[in-house]
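Here is the structure we will look at.
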Amino acid sequence: PSATHLTTPTPPRRKRVRYHRPRARTPRAPRLCRALGALRSGALLSPFLASEGVGAWPRRNRLGGWDHTGSPHTAHFLVPRSLFNEHPEYFGLWKGKRGTRQLCTTHPEVIRRAIEYGLGMCASTDGSDHAIMPRKLVCIGPNDGNGGFCECPECSKLRFAPDNHSDLMLELANHVARAVRIKYPGRYVTFYADYHNVGAPVKVKPEQNVVFWIPQWGVDRFKPITHPGQKRFHNAIENWSTLGNPIHLYMYYGSYNQW
């Protein structure tokens with residue numbers, strides 16, 4: 001069937017499914033049911049990006065919600081690695097050494113830069129440029145990877161469980177969220193929850209305009225979330241939901257927003 005009109009209420013039984021592109025020069029976003037386990041992101045189709053934009057994919061699959069502005073891995077935008085020689089104190093102290101993998105997120109200058117970045121991203125994306133999915137989420141998160149998180153005395157005060165950096169990440173997001181809420185009501189700050197860490201925050205309470213962005217990470221994505229192979233994702237949704245803030249579910253083939 002044509003990728004323009006493909007619809008299906010259930011996953012196909014065949015192991016391989018062949019999709020034929022229409023003769024048009026640029027294909028439109030496929031109209032697939034979101035129940036289909038083998039959904040493929042429209043972002044993988046470069047001609048699609050040149051035609052309708054990424055927003056059409058979640059719109060046609062009724063994923064709804066909001067889009068984000070900026071990369072989810074933002075630390076290197078807040079403090080460029082080029083500043084390391086001049087200001088190593090801006091960067092994470094890990095295993096006794098300062099390095100550029102992550103930031104020292106309790107340092108006053110890092111906090112100031114994070115707030116400046118968040119406000120700047122809000123100012124540059126007022127939503128008018130993206131009518132299908134307004135860019136209401138500003139990402140403030142660590143660089144990609146699970147190492148390098150600061151262990152300086154101040155940052156260590158916000159670590160309450162092994163391999164759990166949630167309180168540390170949330171504290172920085174809260175600083176930005178307070179500033180954003182004053183100047184840009186209705187905008188939210190987000191970061192990857194249960195990706196760089198395991199477990200929800202222990203002591204730090206989220207500001208009301210913080211959204212938890214939970215990726216379907218480290219699990220078998222072809223199984224339902226009730227399956228043992230999805231235990232981490234299922235537990236993350238359950239644990240972070242207890243805090244009462246909005247959750248953005250990132251499924252890699254699409255996102256379910258305003259959940």
Side-chain angles (χ1 to χ4, degrees), residues 68 70-79 90-95 99 101-108 110-111 113-115 117-118 137-181 187-219 225 230-252 255-259:
H68 69 279
S71 166
H73 306 296
T74 51
H76 58 287
F77 294 114
L78 309 182
V79 182
Y90 295 171
F91 297 85
L93 177 67
W94 189 52
K95 296 184 177 180
R101 295 182 71 175
Q102 304 293 351
L103 301 178
C104 176
T105 54
T106 59
H107 193 286
V110 174
I111 295 172
R113 284 171 170 266
I115 292 172
Y117 174 87
L137 304 177
V138 177
C139 301
I140 300 291
N143 291 325
D144 204 359
N146 296 324
F149 284 87
C150 192
E151 299 170 340
C152 77
E154 289 303 310
C155 288
S156 294
K157 293 177 184 177
L158 292 170
R159 187 170 287 107
F160 305 105
D163 299 319
N164 187 340
H165 312 296
S166 298
D167 291 84
L168 194 61
M169 293 160 55
L170 178 56
E171 182 72 7
L172 181 63
N174 277 345
H175 283 294
V176 180
R178 285 190 286 268
V180 166
R181 187 170 67 244
R187 305 294 284 274
Y188 293 77
V189 173
T190 189
F191 60 89
Y192 272 167
D194 206 77
Y195 172 76
H196 300 278
N197 51 278
V198 177
V202 177
K203 293 188 178 181
V204 177
K205 303 302 180 185
E207 291 292 326
Q208 63 187 27
N209 60 323
V210 169
V211 172
F212 301 132
W213 185 341
I214 302 180
Q216 197 179 29
W217 176 254
V219 297
I225 65 171
Q230 287 265 24
K231 188 175 190 305
R232 175 173 174 172
F233 187 54
H234 178 273
N235 289 348
I237 295 172
E238 188 173 77
N239 293 337
W240 289 81
S241 293
T242 62
L243 297 169
N245 283 54
I247 286 178
H248 175 120
L249 297 183
Y250 180 29
M251 316 297 281
Y252 285 85
S255 295
Y256 293 86
N257 304 328
Q258 299 188 35
W259 183 82

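Every heavy atom of this structure was used, including side-chain atoms; hydrogens, water molecules and symmetry mates were not.
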Look only at the side chain of T74 and the backbone of G141, and say whether a donor-acceptor pair between them is shorter than 3.5 Å. yes
Taking all non-hydrogen atoms of both residues into account, name the closest pair between Q102 and G145 and its distance. NE2-O, 3.7 Å
Checking the side chain of D194 only, and the main-chain atoms of I214 only, is there a donor and an acceptor separated by less than 3.5 Å? no
Summary of salt bridge (charged side-chain N to carboxylate O under 4.0 Å, His left out) pairs that have at least one residue in residues 143-157, sequence neighbours excluded: E154-K157
Given side-chain contact (heavy atoms from CB on, under 4.5 Å), test C104 with T106 step by step and report yes or no. CA-CA 6 Å; C104 176; T106 59; 3.8 Å; yes
For F212, what residues pass the ring pair (Phe, Tyr, Trp, His ring centres under 6.0 Å) criterion, not counting sequence neighbours? W240
Going by the angle between their ring planes, with limits at 30° and 60°, are Y117 and F77 parallel, tilted or perpendicular? parallel
Y192 ring center within less than 6.0 Å of H73 ring center: yes
Would you be so kind as to tabulate the donor-acceptor pairs closer than 3.5 Å made by side chains of residues 168-181, with sequence neighbours excluded?
{"from": "N174", "atom 1": "OD1", "to": "E207", "atom 2": "N", "distance (Å)": "2.9"}
{"from": "N174", "atom 1": "ND2", "to": "K205", "atom 2": "O", "distance (Å)": "2.9"}
{"from": "H175", "atom 1": "ND1", "to": "R178", "atom 2": "NH2", "distance (Å)": "3.3"}
{"from": "R178", "atom 1": "NH1", "to": "E207", "atom 2": "OE2", "distance (Å)": "2.8"}
{"from": "R181", "atom 1": "NH1", "to": "E207", "atom 2": "OE1", "distance (Å)": "3.0"}
{"from": "R181", "atom 1": "NH1", "to": "N209", "atom 2": "OD1", "distance (Å)": "3.0"}
{"from": "R181", "atom 1": "NH2", "to": "E207", "atom 2": "OE1", "distance (Å)": "3.2"}

Please give me the minimum heavy-atom distance between Y188 and P246, naming the atom from each residue. CE2-CG, 4.3 Å
To the nearest 0.5 Å, what is the distance between NE2 on H76 and CG on L78? 9.0 Å
When you measure from the side chain of N245 to the backbone N and O of V210, does any donor-acceptor pair fall under 3.5 Å? yes
